[in-house]
Amino acid sequence: MEKENIHKVLKHARNLRILIILYSLVYLVFAVWDIYLKDFFSTNFELKIYHILVLGLPIKAYAIWYVLNMAPNREQNKTNNVLGLLFFGVIGMWMTYPRKKRLINRLKANNSMFSLKS
């Protein structure tokens, strides 16, 4: 893999990590608000959890694009990651969370002469 492609994969992985963390924090804050704090503050602020789920759709689409086009995984892993994203929501996002050390090891394995391409 060319050096510029490696930087491109790492850049998209970093962006995806940031988006997953931010979305999870927003999801957690509004879930706690909806369950526990709504009655305590007694405001008219009504934000249902499905509004937050709709906000996650562009992030899921970006994660699916990343898994299918950029991630250096085998085809079976890509299929499992996409199905996890589609059916498990926030948990599926964390299942596909690109860890930096593992990603760098996979990119190095793809560059070696003796790696198995699949």
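When a residue number appears, it is its place in the shown sequence, counting from 1.
Under the side chain to side chain contact (heavy atoms under 4.5 Å, CB included) criterion, V29 pairs with no residue, sequence neighbours left out. By the side chain to side chain contact (heavy atoms under 4.5 Å, CB included) test, L10 is found to be paired with I6, L103, I104, L107, residues two or more places apart in sequence or in another chain being considered. A search for side chain to side chain contact (heavy atoms under 4.5 Å, CB included) contacts involving N80 returns Q76, not counting sequence neighbours.
Here the shortest heavy-atom pairing between L85 and G92 reads CD2-O, 3.8 Å.
The number of heavy atoms from other shown groups lying within 6.0 Å of CG (L83) is above 12.
Atom CD1 of residue I64 and atom NZ of residue K78 lie 13.5 Å apart, to the nearest 0.5 angstrom. Considering CH2 of W65 and CG of L68, their distance stands at 10.5 Å, rounded to 0.5 Å. Annotation: the span from N81 atom CG to Y66 atom OH amounts to 10.0 Å, rounded to 0.5 Å.
In the hydrophobic cluster analysis, where Ile, Leu, Val, Met, Phe, Trp and Tyr join through side-chain heavy atoms closer than 4.5 angstrom, V67 is grouped apart from M95. At a threshold of 4.5 Å between side-chain heavy atoms, the hydrophobic network of Ile, Leu, Val, Met, Phe, Trp and Tyr places Y27 and L86 in one connected group. Taking hydrophobic clusters as Ile, Leu, Val, Met, Phe, Trp and Tyr residues chained together by side-chain heavy-atom distances below 4.5 Å, I91 does not share a cluster with V82.
Counting only residues at least two apart or in different chains, side chain to side chain donor-acceptor pair (under 3.5 Å) contacts with residues 8-24 comprise H12-Y62, S24-W94.
I18 belongs to a hydrophobic cluster with L22, counting contacts under 4.5 Å between side-chain heavy atoms of Ile, Leu, Val, Met, Phe, Trp and Tyr, direct or through other members.
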